[in-house]
J.: 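Got a structure for you, questions after.
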Number of protein chains: 2
Amino acid sequence: MDKPTLPKTKRGQARRAQILDAAEQVIGARGFSAASIADITRGAETALGTFYIYFASKEELFRELVQEMGHATRAQVAGAIAKAPDRLSAERAGLEAFLRFVAARPALYRIVEEARFADPEAYQDYFSGFAEGYATGLREAEARGEVSPGNAEVRAWALMGMAKALGDRFVLWDDAPDIEHVVAEAHRMICRGLAP
Amino acid sequence: MDKPTLPKTKRGQARRAQILDAAEQVIGARGFSAASIADITRGAETALGTFYIYFASKEELFRELVQEMGHATRAQVAGAIAKAPDRLSAERAGLEAFLRFVAARPALYRIVEEARFADPEAYQDYFSGFAEGYATGLREAEARGEVSPGNAEVRAWALMGMAKALGDRFVLWDDAPDIEHVVAEAHRMICRGLAP
DNA sequence: ATGAAACATGAATCAGTATTCATGTATCCA
DNA sequence: TGGATACATGAATACTGATTCATGTTTCAT
């Protein structure tokens, strides 16, 4: 009933990690409401009741997974962007890093999308936070003259949306993803647009 | 048990429509798995069992709602695009029509996004079908010299993703949507990109 | 007008599953 | 090394909700 604290022993820490891993797989595969606690503990090779030693509820576990995705994505993208010499290069590197992340952890990606319904606040916070950093980067680039003037917030959301849709179609739903090719094509449009 | 056929009497047709209307509202508000058949029939002011006279299951009803959204969106966007003198104008008109549709029928929009989980096949079909038409339009425009050369499929998905993200942030999650402004900003990026 | 087909009803059935709890077993510090 | 704390177990609880069905009522072609 009480909100569980973090585990204190080695064994406890290992169990909690097992459950989180299994949850990523099971919820990623079946979806949040279809995934039962029993499925998750079975995947973690532990007893049903053990779940509640570490998590107060299914919802709390879910929130933790969404946050994990947030941290992991930011880390991946930020790392890739850091080395870029200018903003347009950063756009390319960031998009590629995102698509590679989707390829590497499809279950987590799906979980975030499901948060739109299962935990709308966490979902909005996740993307709003991401968009804020994105827009700031664009404004700084604009000040340095690396991108044309324009509304940074609209651009940030538009670019995030592009990345998500490309992730769906050319990574998640594609048998033989060719990330490099997709990134190259998309980047050309990001830089120059459609105008002839 | 058998798959119900379409109703044969006036009364039956009216009942079925009542149930579909109520379902759009209830599933749009609570989400697919949280919305119970009882909620829906209550909204339709009819008895629980009546639902199964018209629909084989909750899933079948859901599929029908997703298809309805598909038809409605296409009609809206296609109508708006038809009058455009060239492709870049068409992009602007299509984006604006889409955002206005999201504003007008948020429940249907939400239902489509939930189909990603509740009925993945319908979801993929919906967007793949849309993308196909989109890509064809871009190829024809490229042939007419109205847009620069580039991979039409990647561009189509990227543009759809942009529209979805802008719909989320600046229509669904915004207290005072300013569609015209968002469209103007986004359209500039679609035409010219970020390059200075 | 009338009876067969169509439709309406809601209690009962059936299948789950989130969460709790009483009863153990492992861990680890004093 | 003992015992207090942390952790493990899975059957039992408590509840929800999709689907069925036996029993009416309405519609409408004849």
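Values below: all heavy atoms of this structure, side chains included; hydrogens, waters and symmetry mates excluded. Labels below follow one simple rule: chain letters A, B, ... track the order of the sequence lines, proteins then strands, and each chain is numbered from 1.
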J.: Less than 4.0 angstrom from a charged side-chain N to a carboxylate O is my criterion; do Asp86(B) and Arg144(B) meet it?
T.: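 Salt bridge absent between Asp86(B) and Arg144(B).
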J.: Apart from Leu6(B) itself, which Ile, Leu, Val, Met, Phe, Trp or Tyr residues share its cluster (side-chain heavy atoms under 4.5 Å, direct or through members)?
T.: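 For Leu6(B), no cluster forms, as it stays isolated from other hydrophobic side chains.
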J.: According to salt bridge (Lys or Arg N to Asp or Glu O under 4.0 Å), who are the partners of Glu185(B), at least two apart in sequence or on a separate chain?
T.: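 Here the qualifying residues are Arg188(B).
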J.: At how many degrees, to 10°, do the end axes of the helix from dA1(C)-dT30(D) to dA30(C)-dT1(D) meet when each uses five pairs?
T.: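 End axes: 20° apart.
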J.: Check this one for me: any side-chain N or O of Tyr52(B) less than 4.0 Å away from OP1 or OP2 of dT20(D)?
T.: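 Checking dT20(D) against Tyr52(B), no side-chain N or O comes under 4.0 Å of OP1 or OP2.
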J.: Sorted by first residue and then second, give each salt bridge (charged side-chain N to carboxylate O under 4.0 Å, His left out) pair with at least one member in residues 149-159 of chain A; sequence neighbours left out.
T.: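 Every pair satisfying salt bridge (charged side-chain N to carboxylate O under 4.0 Å, His left out) with a residue in residues 149-159 of chain A: Glu153(A)-Arg169(B).
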J.: Write down the distance between NZ (Lys3(A)) and C1' (dT20(C)), rounded to a whole number of angstrom.
T.: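 From Lys3(A) NZ to dT20(C) C1': 20 Å.
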J.: Which residues satisfy the salt bridge (Lys or Arg N to Asp or Glu O under 4.0 Å) test with Arg16(A), sequence neighbours excluded?
T.: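 Arg16(A) satisfies salt bridge (Lys or Arg N to Asp or Glu O under 4.0 Å) with Glu64(A) once adjacent residues are dropped.
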J.: Could you tell me the separation between the CD atom of Glu60(B) and the P atom of dT19(D), rounded to a whole number of Å?
T.: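 Answer to the nearest Å: 11 Å.
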J.: If you look only at pairs with a residue in residues 69-79 of chain B, which of them pass as a salt bridge (charged side-chain N to carboxylate O under 4.0 Å, His left out), with sequence neighbours excluded?
T.: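 Not a single pair qualifies under salt bridge (charged side-chain N to carboxylate O under 4.0 Å, His left out).
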J.: Expected output is a numbered-order residue list: members of residues 27-39 of chain B with a heavy atom under 4.0 Å from any atom of DNA chain D. What is it?
T.: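 Only Ala35(B), Ser36(B), Ile37(B) qualify.
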J.: Between P on dT19(C) and CG on Leu61(A), what's the gap in Å once rounded to a whole number?
T.: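 Computing the Leu61(A):CG to dT19(C):P distance gives 11 Å.
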J.: Between the protein and nucleotides 6-13 of chain C, list every N/O to N/O distance that falls short of 3.5 Å.
T.:
unit_1  : atom_1 : unit_2   : atom_2 : d
dA6(C)  : OP1    : Lys8(B)  : NZ     : 3.4
dC7(C)  : OP1    : Lys8(B)  : N      : 2.7
dC7(C)  : OP1    : Thr9(B)  : N      : 3.2
dA8(C)  : OP1    : Arg15(B) : NE     : 3.0
dA8(C)  : OP2    : Tyr54(B) : OH     : 2.5
dT9(C)  : OP2    : Thr46(B) : OG1    : 2.7
dT9(C)  : OP2    : Ala47(B) : N      : 3.0
dT9(C)  : OP2    : Thr50(B) : OG1    : 3.2
dG10(C) : N7     : Gly49(B) : N      : 3.2

J.: Not counting sequence neighbours, which residues clear salt bridge (Lys or Arg N to Asp or Glu O under 4.0 Å) with Lys164(B)? List them please.
T.: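 Partners of Lys164(B) by the salt bridge (Lys or Arg N to Asp or Glu O under 4.0 Å) criterion, ordered by chain and then number, come out as Glu113(B).
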J.: So, using salt bridge (Lys or Arg N to Asp or Glu O under 4.0 Å) as the criterion, who are the partners of Asp39(B) when residues are at least two apart?
T.: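 Salt bridge (Lys or Arg N to Asp or Glu O under 4.0 Å) check on Asp39(B) returns Arg30(B), Arg42(B).
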J.: In chain order, what residues pass the side chain to side chain contact (heavy atoms under 4.5 Å, CB included) check against Ala131(B), with sequence neighbours excluded?
T.: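 With sequence neighbours excluded, Ala131(B) shows a side chain to side chain contact (heavy atoms under 4.5 Å, CB included) to Trp157(B), Met160(B), given in chain and number order.
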J.: Going by an N to O cut-off under 4.0 Å, is there a salt bridge joining Glu140(B) and Arg87(B)?
T.: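 No salt bridge links Glu140(B) with Arg87(B).
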J.: Rounded to whole angstroms, how far apart are CD1 on Ile40(A) and C1' on dT19(C)?
T.: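 Answer to the nearest Å: 14 Å.
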J.: How would you list, by chain and number, every residue that makes a side chain to side chain contact (heavy atoms under 4.5 Å, CB included) with Ala104(A), sequence neighbours excluded?
T.: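 Side chain to side chain contact (heavy atoms under 4.5 Å, CB included) check on Ala104(A) returns nothing, list empty.
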J.: What is the separation between atom NZ on Lys58(B) and atom C1' on dG17(D), rounded to the nearest whole Å?
T.: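 Rounded to whole Å, this separation is 8 Å.
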